[in-house]
Amino acid sequence: MLFSPVAASAATIISAANPQAIYEVARGFGAAEMGKDSTGDPKITGMIEGRKYNIIFSSCKNNKDCKVIQFWAAWSASNVTQSQMNEWNKGRVFGKAYLDSDNDPNLELTVNLKGGVTKENLEDTFDWWRVALKSFASFITD
């Protein structure tokens, strides 16, 4: 099947250069707030199924024209080991897990949006994040 340029032009394309559009998609998955990180780049803080997460914008030029977003969530006071983090990473495609300097588990999902993706694609990515977040939360609390 060939890709139709006409169909692509009719689709809504969203890139990391448009944080407001990403924020609107985030709101479709739960509560979300738009803000800025410590360097002035856009940042979204949200909740999906009761779990807090952030979307960090990067590869930005003067706090605009960003190209990449990173979903990120952290937990504290967990007894998860490095070996368990390795097992998680080995068995999953979406979401990279690690222990931070305080030995707290973290989960990330980096998404390259340079050139943009359709709204449907971004919504699907949010759903991947939702599943990874839920699965990881279960993994570290079991």
Side-chain angles (χ1 to χ4, degrees), residues 1-4 7-142:
M1 178 197 281
L2 293 175
F3 180 71
S4 168
S9 66
T12 299
I13 301 299
I14 298 173
S15 75
N18 186 350
Q20 186 65 35
I22 296 169
Y23 167 72
E24 293 300 327
V25 172
R27 288 184 48 206
F29 284 82
E33 292 183 19
M34 180 65 88
K36 295 188 181 291
D37 69 12
S38 61
T39 66
D41 289 339
K43 176 182 165 184
I44 297 170
T45 302
M47 294 282 285
I48 293 180
E49 297 181 4
R51 291 174 181 85
K52 185 177 178 179
Y53 72 95
N54 291 286
I55 298 175
I56 300 161
F57 290 71
S58 61
S59 297
C60 306
K61 190 174 193 176
N62 298 320
N63 308 116
K64 298 179 191 172
D65 299 323
C66 306
K67 293 176 181 46
V68 176
I69 61 172
Q70 184 176 66
F71 291 82
W72 174 77
W75 288 258
S76 60
S78 176
N79 293 319
V80 179
T81 66
Q82 185 62 50
S83 177
Q84 289 171 306
M85 292 292 97
N86 291 343
E87 282 302 310
W88 167 270
N89 288 324
K90 187 169 71 173
R92 304 297 190 291
V93 175
F94 301 106
K96 173 182 74 173
Y98 62 91
L99 297 175
D100 65 17
S101 61
D102 295 323
N103 269 344
D104 294 329
N106 287 250
L107 182 66
E108 295 179 354
L109 174 65
T110 302
V111 183
N112 178 355
L113 294 178
K114 183 178 180 180
V117 297
T118 64
K119 182 178 178 189
E120 180 182 18
N121 180 287
L122 186 59
E123 288 171 341
D124 194 44
T125 300
F126 267 85
D127 195 48
W128 291 348
W129 175 246
R130 180 191 62 79
V131 170
L133 196 58
K134 184 176 182 178
S135 179
F136 188 70
S138 259
F139 174 77
I140 63 170
T141 58
D142 286 345

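Hydrogens, waters and symmetry mates play no part in the numbers below; they use all other heavy atoms, side chains included.
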Using distance only, find each side-chain donor-acceptor pair of residues 19-30 under 3.5 Å and give its atom names and separation, not counting sequence neighbours.
from  : atom 1 : to    : atom 2 : distance (Å)
Gln20 : NE2    : Glu24 : OE2    : 3.0

For this session: State which residues pass side chain to side chain contact (heavy atoms under 4.5 Å, CB included) with Ser58; sequence neighbours excluded, sorted by chain then number.
Result: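 Val68.
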For [X], ring-ring contact (aromatic ring centres under 6.0 Å, His included) partners two or more places apart:
X	answer
Phe71	Phe126, Trp129
Tyr98	none
Trp128	Phe94

Problem set entry | Thr141 side chain vs Ala137 backbone, donor-acceptor pair below 3.5 Å |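 Confirmed, Thr141 side chain pairs with Ala137 backbone.
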Problem set entry | Whether over 12 other heavy atoms sit under 6.0 Å from Glu123 CD |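 Result for CD/Glu123: enclosed.
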Exercise. Do any pairs count as a disulfide bond (SG atoms under 2.5 Å apart) and have a residue in residues 13-76, sequence neighbours left out, and if so which ones?
Worked result: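 Every disulfide bond (SG atoms under 2.5 Å apart) pair that includes a residue of residues 13-76, provided the two are not neighbours, is Cys60-Cys66.
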For this session: If a pair satisfies disulfide bond (SG atoms under 2.5 Å apart) and one of its residues is in residues 82-134, list it, with sequence neighbours excluded.
Result: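 Disulfide bond (SG atoms under 2.5 Å apart) check on residues 82-134 returns no pairs.
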Problem set entry | Validation row: Leu113, Ile69 side chains within 4.5 angstrom (heavy atoms) |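 Counting from C-beta outward, Leu113 and Ile69 do come under 4.5 Å.
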Exercise. Taking side chain as C-beta onward, heavy atoms only, is Val111 less than 4.5 Å from Leu109?
Worked result: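 Contact flag for Val111/Leu109 side chains = yes.
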What are the two closest non-hydrogen atoms of [X] and [Y], and how far apart are they?
X	Y	result
Pro105	Val80	CG-CG2, 4.5 Å
Leu133	Ala73	CD1-CB, 3.6 Å
Phe57	Pro42	CD1-O, 3.2 Å

First locate atom [atom1] of [X], then atom [atom2] of [Y], and finally report the distance between them rounded to the nearest 0.5 Å.
X	Y	atom1	atom2	result
Gln84	Asn89	CD	CG	12.0 Å
Thr125	Ile14	OG1	CD1	10.5 Å
Asn86	Thr81	CG	OG1	8.0 Å

Exercise. Among Phe139, Phe136, Trp72, whose side-chain contact (heavy atoms from CB on, under 4.5 Å) with Leu107 holds?
Worked result: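 It is Phe136, the one option of Phe139, Phe136, Trp72 that forms the side-chain contact (heavy atoms from CB on, under 4.5 Å) with Leu107.
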Exercise. Looking just at side-chain N and O atoms, do Asp104 and Trp75 make a donor-acceptor pair shorter than 3.5 Å?
Worked result: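 Judged by distance alone, the side chains do not pair up.
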Restricting to pairs with a member in [range], which pass salt bridge (Lys or Arg N to Asp or Glu O under 4.0 Å), not counting sequence neighbours?
range	value
residues 60-71	none
residues 30-40	none
residues 86-99	Glu87-Lys90, Lys96-Glu108

Problem set entry | Derivation and outcome, side-chain contact (heavy atoms from CB on, under 4.5 Å), residues Ile140 and Trp88 | CA-CA 10 Å; Ile140 63 170; Trp88 167 270; over 6 Å; no
For this session: Can you sort out the partners of Asn63 under side chain to side chain donor-acceptor pair (under 3.5 Å), two or more places apart, ordered by chain and number?
Result: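 Partners of Asn63 under the side chain to side chain donor-acceptor pair (under 3.5 Å) test: Asp41.
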Exercise. What pairs meet the side-chain hydrogen bond (donor to acceptor under 3.5 Å, both in side chains) rule with one or both residues in residues 43-53, with sequence neighbours excluded?
Worked result: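 Sorted pair list: Thr45-Asn54, Glu49-Arg130.
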